[in-house]
2 protein chains.
Amino acid sequence: MLAIGTLSRRTGTKVQTIRYYEEIGLMNEAGRTAGGQRRYFEKDLDRLAFIRHSRQLGFSLDSIRELLDLSDNPSQSCAEADSIARRQLHQVEQRIKRLQALKKELKRMVAECDGDSVAECKVLEVLRDHAECLTEHDEIGA
Amino acid sequence: MLAIGTLSRRTGTKVQTIRYYEEIGLMNEAGRTAGGQRRYFEKDLDRLAFIRHSRQLGFSLDSIRELLDLSDNPSQSCAEADSIARRQLHQVEQRIKRLQALKKELKRMVAECDGDSVAECKVLEVLRDHAECLTEHDEIGA
DNA sequence: GATACAAGCTACAGCAGATAGAGGTTCAAG
DNA sequence: CTTGAACCTCTATCTGCTGTAGCTTGTATC
């Protein structure tokens with residue numbers, strides 16, 4: 001029987017985060033001691049590790065929920081899991097693209113700045129006037 | 001005198017977002033009509049455009065606040081603005097790096113999946129066992 | 001001047017994905 | 001039996017908005 005702190009240490013997840021995962025139904029409700037403290041089995045540790053690892057790969061909690069469902073039902077086709085992963089890959093690729101456009105723009109901005117007074121600061125000038133941008137960057141966030 | 005909807009249309013910012021920027025002090029408090037509606041000058045439009053453009057380049061609202069302060073005081077040295085931009089560039093580069101590691105891992109995961117049953121699904125297997133990862137990807141979010 | 005209706009207003013809730021703190025209780029070692 | 005680390009719940013906070021409810025204002029047209 002493992003205490004929550006043990007799971008925390010062994011997966012690098014904050015204790016509050018584990019409780020949060022329980023709250024939103026990603027982790028099963030843990031058993032309790034007579035005094036009300038959570039106690040876990042190895043399988044809970046595995047599940048948490050799965051969640052954490054998926055998060056590290058950028059999957060959303062919703063996607064992870066789907067992946068866990070699939071993982072719990074080993075008889076189904078793998079196609080679903082595959083498509084979730086492909087979707088994630090696509091998203092990551094899109095984000096990289098976008099960030100590379102930003103990087104280019106920022107680099108240009110920084111390179112053109114000669115360190116003089118703010119009045120003629122290239123950085124601020126570019127920010128003031130979108131027309132000075134060479135690349136498109138219309139989405140925020142993404 | 002411009003209504004909030006005009007600013008919204010001309011900068012591609014949602015009306016609520018403009019009010020939000022006012023609330024958090026990024027935009028100055030707008031003048032009001034007798035009936036209580038906000039009215040703006042061209043300079044407010046410029047300021048909003050600056051904010052939006054900076055957001056598109058990925059700057060945080062806090063950074064934008066600093067940049068606006070600098071922009072409002074044209075006598076200072078440009079160094080500060082420059083360093084904010086460099087910091088932003090660095091962050092973008094870090095995020096790209098991280099995403100490229102994720103991309104590699106996801107690609108491998110997806111490529112190895114042969115579409116059979118979940119029981120031997122490579123995608124789920126990799127997620128289950130971090131040891132199967134080739135690349136490091138320790139940070140979440142970033 | 002009356003009417004219609006788009007556009008404005010405030011206030012509050014909610015999203016992801018946690019994280020932090022207050023204030024109190026339990027467990028396990030010595 | 002005592003100590004103190006680790007646990008508990010509950011609530012608030014973060015970023016950067018976005019959406020809704022329910023009401024008021026502004027303006028164009030008749």
Side-chain angles (χ1 to χ4, degrees), chain A residues 1-27 29-40 44 48 50-68 88 91-92 95 98 102 138-142, chain B residues 1-27 29-40 44 48 50-68 88 91 95 98 138-142:
Chain A
M1 300 297 270
L2 312 164
I4 198 168
T6 310
L7 260 74
S8 169
R9 249 170 287 117
R10 287 182 41 192
T11 63
T13 313
K14 294 239 160 69
V15 165
Q16 296 105 304
T17 305
I18 301 173
R19 290 196 281 245
Y20 170 70
Y21 287 159
E22 182 183 306
E23 196 183 309
I24 62 169
L26 261 195
M27 288 291 282
E29 283 200 24
R32 302 285 185 134
T33 63
Q37 297 195 358
R38 288 169 181 81
R39 286 297 180 268
Y40 297 93
D44 299 307
L48 182 56
F50 184 104
I51 295 170
R52 279 280 105 180
H53 193 197
S54 304
R55 284 294 296 133
Q56 282 166 356
L57 287 167
F59 288 94
S60 72
L61 293 182
D62 270 356
S63 292
I64 295 172
R65 213 183 289 273
E66 290 184 70
L67 290 167
L68 282 168
Q88 176 63 20
Q91 273 175 30
V92 166
R95 284 174 65 195
R98 199 184 105 69
L102 294 198
D138 293 324
E139 267 172 287
I140 288 185
Chain B
M1 302 296 271
L2 312 165
I4 198 168
T6 310
L7 260 75
S8 168
R9 250 170 285 118
R10 287 182 43 192
T11 63
T13 313
K14 292 239 158 74
V15 165
Q16 297 106 303
T17 305
I18 301 174
R19 291 197 281 244
Y20 170 70
Y21 288 159
E22 182 184 307
E23 195 183 309
I24 62 168
L26 261 194
M27 289 292 282
E29 282 200 24
R32 301 284 187 135
T33 63
Q37 297 195 358
R38 287 170 183 80
R39 286 296 180 271
Y40 297 93
D44 299 307
L48 182 55
F50 184 105
I51 294 171
R52 279 279 103 181
H53 193 196
S54 304
R55 284 294 296 134
Q56 281 166 358
L57 286 167
F59 288 94
S60 71
L61 294 182
D62 270 356
S63 293
I64 295 171
R65 211 183 291 273
E66 289 184 70
L67 290 166
L68 282 167
Q88 177 63 18
Q91 271 174 31
R95 284 175 67 195
R98 197 183 106 71
D138 293 323
E139 268 172 287
I140 288 187

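Below, chain A is the first sequence line, B the second, and so on; all start at residue 1. Only a predicted model underlies this, so the values are computations on that prediction, with no experimental measurement involved.
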Exercise for the section: Find the distance A:Gln91:CD to C:dA16:P and express it as a whole number of Å. Expected result: 14 Å
Practice task
Check every strand shown and say whether B:Ile24 touches a base, only sugar-phosphate, or nothing at a heavy-atom separation below 4.0 Å.
Solution key: nothing
Exercise for the section: Calculate the interatomic distance between B:Ile18 atom CD1 and C:dG8 atom C1'; express it in whole Å. Expected result: 12 Å
Exercise for the section: Work out which heavy atom in B:Leu7 is nearest to a heavy atom in B:Ile18; give both atom names and the distance. Expected result: CB-CD1, 3.9 Å
Completion exercise
Taken to the nearest whole Å, CD/A:Gln16 to C1'/C:dA16 is 17 Å
Practice task
Tell me which of B:Phe59 and A:Arg19 sits closer to the 5' end of DNA chain D, going by the nucleotide each one is nearest to.
Solution key: A:Arg19
Practice task
Using a 4.0 Å cut-off on protein heavy atoms (strictly under), produce a 5'-to-3' string for nucleotides 24-30 of chain C with B for base contact, S for backbone-only sugar-phosphate contact, and - for none.
Solution key: --BSS--
Practice task
Please round to the nearest 0.5 Å and tell me the distance separating atom CD1 of B:Ile64 and atom NE2 of B:His53.
Solution key: 11.0 Å
Problem - Any donor-acceptor N/O pair, B:Arg52 side chain to B:Gln56 backbone, under 3.5 Å - result: no
Practice task
Give the nucleotide from the list D:dC7, C:dC9, D:dT9 with an atom nearest to the side chain of A:Ala3.
Solution key: D:dC7
Practice task
With side chain to side chain contact (heavy atoms under 4.5 Å, CB included) as the test, would you mind laying out the steps for B:Leu61 and B:Ile24 before giving the verdict?
Solution key: CA-CA 10 Å; B:Leu61 294 182; B:Ile24 62 168; 3.7 Å; yes
Problem - Any A:Tyr21 side-chain N or O less than 4.0 Å from OP1/OP2 of C:dG17 - result: no
Completion exercise
Of the candidates C:dG8, D:dT9, C:dT19, the side chain of A:Thr17 sits closest to C:dT19
Handout entry: Protein-nucleotide distance (A:Ile4, atom CD1; D:dA6, atom P), rounded to Å
Key = 13 Å
Fill in the blank from the handout: Correct closest heavy-atom pair for A:Gln88 and A:Leu57 would be NE2-O, 3.3 Å
Exercise for the section: Starting from P on D:dC7, measure out to CD on A:Glu22 and report it in whole angstrom. Expected result: 14 Å
Exercise for the section: Would you mind reading off the distance between B:Asp62 atom CG and D:dT15 atom P, rounded to a whole angstrom? Expected result: 6 Å
Exercise for the section: Check every atom of D:dG19, C:dG17, C:dG8 against the side chain of B:Lys14 and return the nucleotide holding the closest atom. Expected result: D:dG19
Handout entry: Closest heavy-atom pair and its distance - B:Gly5, B:Val15
Key = CA-CG2, 4.3 Å
Practice task
Could you tell me which non-hydrogen atom of A:Ala3 sits nearest to which non-hydrogen atom of A:Arg39, and how far apart they are?
Solution key: CB-NH1, 3.8 Å
Practice task
Calculate the interatomic distance between A:Arg32 atom CZ and D:dA6 atom P; express it in whole Å.
Solution key: 19 Å
Exercise for the section: Under the salt bridge (Lys or Arg N to Asp or Glu O under 4.0 Å) rule, what do A:Arg38 and A:Glu22 come out as? Steps first, then yes or no, please. Expected result: CA-CA 11 Å; A:Arg38 288 169 181 81; A:Glu22 182 183 306; 3.0 Å; yes
Exercise for the section: Mind calculating the distance between CD1 (A:Ile51) and P (C:dA16) to the nearest angstrom? Expected result: 15 Å
Practice task
Indicate, with a heavy-atom threshold strictly under 4.0 Å, whether A:Arg9 touches base, sugar-phosphate, or nothing.
Solution key: nothing
Exercise for the section: Output yes when at least one side-chain N/O atom of A:Arg52 is less than 4.0 Å from OP1 or OP2 of C:dA18, else no. Expected result: yes
Practice task
Kindly say if A:Tyr20 contacts the phosphate of C:dA16, meaning a side-chain N or O under 4.0 Å from OP1 or OP2.
Solution key: no
Handout entry: Under-4.0 Å side-chain N/O to phosphate OP1/OP2 contact, B:Arg38 with C:dT10
Key = yes
